Novice: 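Before I ask anything, here is the structure I am working with.
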Amino acid sequence: QNAAAEVKHLAEVKRYLRLRYVFMIEHGSPAVADLRAMFPCNRFHEIAFPDAMSAALATGDGVEGIAVDWEGASVDAHRLSWSVERLRDYAGAVHARGKVAAFVPSWTRQSRDAFVASSAKMDYVLAQIQGSCVTSADAFASYAHSIASDFHDRGDARNVGFEISMDSYDVASNHVDAERAAACTRKAYGRGARAIYIYGNGNDRLVSYFDALDRMGVRAPR
C-alpha cells in the first residue's frame, strides 16, 4: 500500500526531479518496476538492516548500490572499531558484486562519519541527523556543516548526505512537515551540504516539499 502511494507521489513531483537523484528502496519493494519505468535514467540503491544484507546482496532487480542501515543497541554498545570492522566486511561484499557501498548511521559520534567511511572503504554515507531538523533549520544546517567539513578535509564533501524525515507517522518525534523539511534543506545547502536524503512512508508530503523549495528558489520545475 505504501509503495503504491509513493509511486503516485513521485509521479506528481516528476517535474522537479533530476537525473542525478538516487532512489533509496527497500529490498523486495513492489514499487521498483514501476519506478524504473518512470525514471529509466536514475539510479536505484537498496537500504537494508544488517540481518537483511544477505537477501540484499542476492538481489536480481538491478540496483546499483546497497546501503546498510547502521543503528540500534548493538551499534551503540560497541566501540567505533567494531563498526569499522563490520562495515568494511559489508563494503567488501557489496563491491564484490560490482555495486556501490554505503551506510546510514544513527549515532552520537558527531564528525566521525568520514573517518568510519574511509576506514571501512564505504563509498558514501547518509547521516541520520533528522532530529536536529525538528529543533530548527539552523540546527540541522549546523550539524550538517560539521560533518560535511570533516568529509571535505578528508577528500570529498559529496560523499555524505543528510536525512530529513517527513511526518509519515504521528508518533515519530524526529519527523517534520514539508515546510520545515524544505527550510532545513535550504539552510543545509547554504552551509555546504551537497545531498539530502528525504525519508517518507506513505503520506503525501513530496509535492508540498518541492513546491516549498520552488518558492525558496532552490528547486524550480523543468
Side-chain angles (χ1 to χ4, degrees), residues 17-24 43 45 47 64-72 75-76 78-88 90-92 94-95 100-166 173-176 178-200 209-210 212-213 216-219:
L17 304 185
R18 304 294 186 262
L19 294 182
R20 68 178 181 273
Y21 286 14
V22 177
F23 292 95
M24 300 298 297
R43 289 171 291 165
H45 291 189
I47 185 168
E64 293 88 352
I66 300 175
V68 56
D69 201 335
W70 202 243
E71 58 182 303
V75 172
D76 295 335
H78 289 87
R79 298 171 63 88
L80 203 61
S81 58
W82 180 88
S83 287
V84 169
E85 291 175 5
R86 279 146 188 81
L87 289 171
R88 187 186 294 123
Y90 286 126
V94 174
H95 289 150
V100 173
F103 72 108
V104 189
S106 175
W107 50 25
T108 58
R109 300 179 173 103
Q110 183 172 343
S111 297
R112 300 300 286 167
D113 303 58
F115 166 77
V116 175
S118 175
S119 301
K121 309 300 181 186
M122 285 287 180
D123 298 302
Y124 71 88
V125 176
L126 296 176
Q128 296 191 53
I129 64 168
Q130 62 269 43
S132 59
C133 186
V134 176
T135 302
S136 71
D138 285 326
F140 180 84
S142 178
Y143 201 167
H145 175 74
S146 68
I147 298 174
S149 295
D150 196 34
F151 270 85
H152 180 270
D153 292 343
R154 290 176 177 272
D156 195 343
R158 292 175 297 180
N159 291 344
V160 58
F162 305 97
E163 180 172 344
I164 297 173
S165 296
M166 287 195 283
S173 61
N174 62 349
H175 290 199
V176 296
E179 291 291 334
R180 174 62 65 84
C184 289
T185 298
R186 184 185 188 187
K187 288 280 188 176
Y189 281 162
R191 296 295 305 278
R194 293 294 176 265
I196 300 295
Y197 167 41
I198 291 293
Y199 173 88
Y209 169 73
F210 280 105
L213 289 179
M216 295 175 181
V218 177
R219 168 60 63 231

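These numbers were taken from a predicted model, which means no experiment stands behind them. What you see below is based on every heavy atom in this structure, not just the backbone, and it leaves out hydrogens, waters and symmetry mates.
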Novice: Does V116 reach the side chain of P105, with side-chain heavy atoms less than 4.5 Å apart?
Specialist: no
Novice: Using the rule given for side chain to side chain contact (heavy atoms under 4.5 Å, CB included), can you reason through V104 versus I47, listing the C-alpha separation, both sets of side-chain angles and the distance that settles it, and then say yes or no?
Specialist: CA-CA 8 Å; V104 189; I47 185 168; 3.7 Å; yes
Novice: Roughly how far apart are R158 CZ and F151 CZ, rounded to 0.5 Å?
Specialist: 13.5 Å
Novice: Tell me whether R180 at atom CZ has more than 12 heavy atoms from other residues, nucleotides or ligands lying less than 6.0 Å away.
Specialist: yes
Novice: Are side-chain heavy atoms of V100 and E64 found at a separation under 4.5 Å?
Specialist: no
Novice: According to side-chain contact (heavy atoms from CB on, under 4.5 Å), who are the partners of R18, at least two apart in sequence or on a separate chain?
Specialist: R20, Y21, R219, R222
Novice: Indicate yes or no for a side-chain donor-acceptor contact from S149 to the backbone of H145 under 3.5 Å, with no hydrogens or angles considered.
Specialist: yes
Novice: Can you list everything that forms a side-chain contact (heavy atoms from CB on, under 4.5 Å) with A195? Sequence neighbours excluded, please.
Specialist: none
Novice: How are the rings of W82 and H78 set to each other: parallel, tilted or perpendicular (split at 30° and 60°)?
Specialist: parallel
Novice: Within the 3.5 Å criterion, strictly below it, is a donor on S83 or W70 matched to an acceptor on the partner's side chain?
Specialist: yes
Novice: Of all residues at least two apart in sequence or in a different chain, which pass the side chain to side chain donor-acceptor pair (under 3.5 Å) check with Y124?
Specialist: H45
Novice: Test I164 against I196 for side chain to side chain contact (heavy atoms under 4.5 Å, CB included), laying out the working first.
Specialist: CA-CA 7 Å; I164 297 173; I196 300 295; 3.8 Å; yes
Novice: Taking all atoms of both residues into account, what is the closest heavy-atom pair of G192 and A148, and its distance?
Specialist: O-CB, 4.2 Å
Novice: With sequence neighbours left out, what residues match F210 under ring-ring contact (aromatic ring centres under 6.0 Å, His included)?
Specialist: Y16
Novice: Start with the C-alpha gap between H175 and Y199, add the side-chain angles, then the distance that decides, and say whether side chain to side chain contact (heavy atoms under 4.5 Å, CB included) holds.
Specialist: CA-CA 9 Å; H175 290 199; Y199 173 88; 3.9 Å; yes
Novice: My understanding is that only residues two or more places apart in sequence, or in another chain, count here; which of them pass side-chain contact (heavy atoms from CB on, under 4.5 Å) with S119?
Specialist: V84, F115
Novice: Locate the shortest heavy-atom distance separating M166 from A178; write the atom from each residue and the value.
Specialist: SD-CA, 3.9 Å
Novice: Work out which heavy atom in I147 is nearest to a heavy atom in A127; give both atom names and the distance.
Specialist: CD1-CB, 4.2 Å
Novice: So how far is it from K121 NZ to L87 CG, rounded to the nearest 0.5 Å?
Specialist: 13.5 Å
Novice: Is it true that a side-chain atom of S146 and a backbone atom of Y143 form a donor plus acceptor pair closer than 3.5 Å?
Specialist: yes
Novice: Dump the intermediate steps for side-chain hydrogen bond (donor to acceptor under 3.5 Å, both in side chains) on Q128 and N174, then the final yes or no.
Specialist: CA-CA 10 Å; Q128 296 191 53; N174 62 349; over 6 Å; no
Novice: Would you sort out whether E163 and S165 count as a side-chain hydrogen bond (donor to acceptor under 3.5 Å, both in side chains), showing the intermediate values?
Specialist: CA-CA 6 Å; E163 180 172 344; S165 296; 2.9 Å; yes
Novice: Locate the shortest heavy-atom distance separating A139 from S132; write the atom from each residue and the value.
Specialist: CB-O, 3.7 Å
Novice: Do you know which two heavy atoms are closest between A117 and V125, and how far apart they sit?
Specialist: CB-CG2, 3.6 Å
Novice: List the residues meeting side-chain contact (heavy atoms from CB on, under 4.5 Å) with A141, not counting sequence neighbours, and say none if there are none.
Specialist: K187, R191
Novice: Side-chain contact test, heavy atoms from C-beta onward, threshold under 4.5 Å: evaluate it for E71 versus D69 and give yes or no.
Specialist: yes
Novice: Below 4.5 Å, heavy atoms only, C-beta onward: do L213 and T185 meet side chain to side chain?
Specialist: yes
Novice: One pair to check against side chain to side chain contact (heavy atoms under 4.5 Å, CB included): V68 and M122. What are the steps and the verdict?
Specialist: CA-CA 10 Å; V68 56; M122 285 287 180; 4.2 Å; yes
Novice: Just checking H95: does its NE2 atom have more than 12 heavy atoms from other residues, nucleotides or ligands closer to it than 6.0 angstrom?
Specialist: yes
Novice: I need the S106 OG to L126 CG distance, nearest 0.5 Å.
Specialist: 12.5 Å
Novice: List the atom of F140, the atom of A188, and the distance in Å for their closest heavy-atom pair.
Specialist: CE2-CB, 3.7 Å
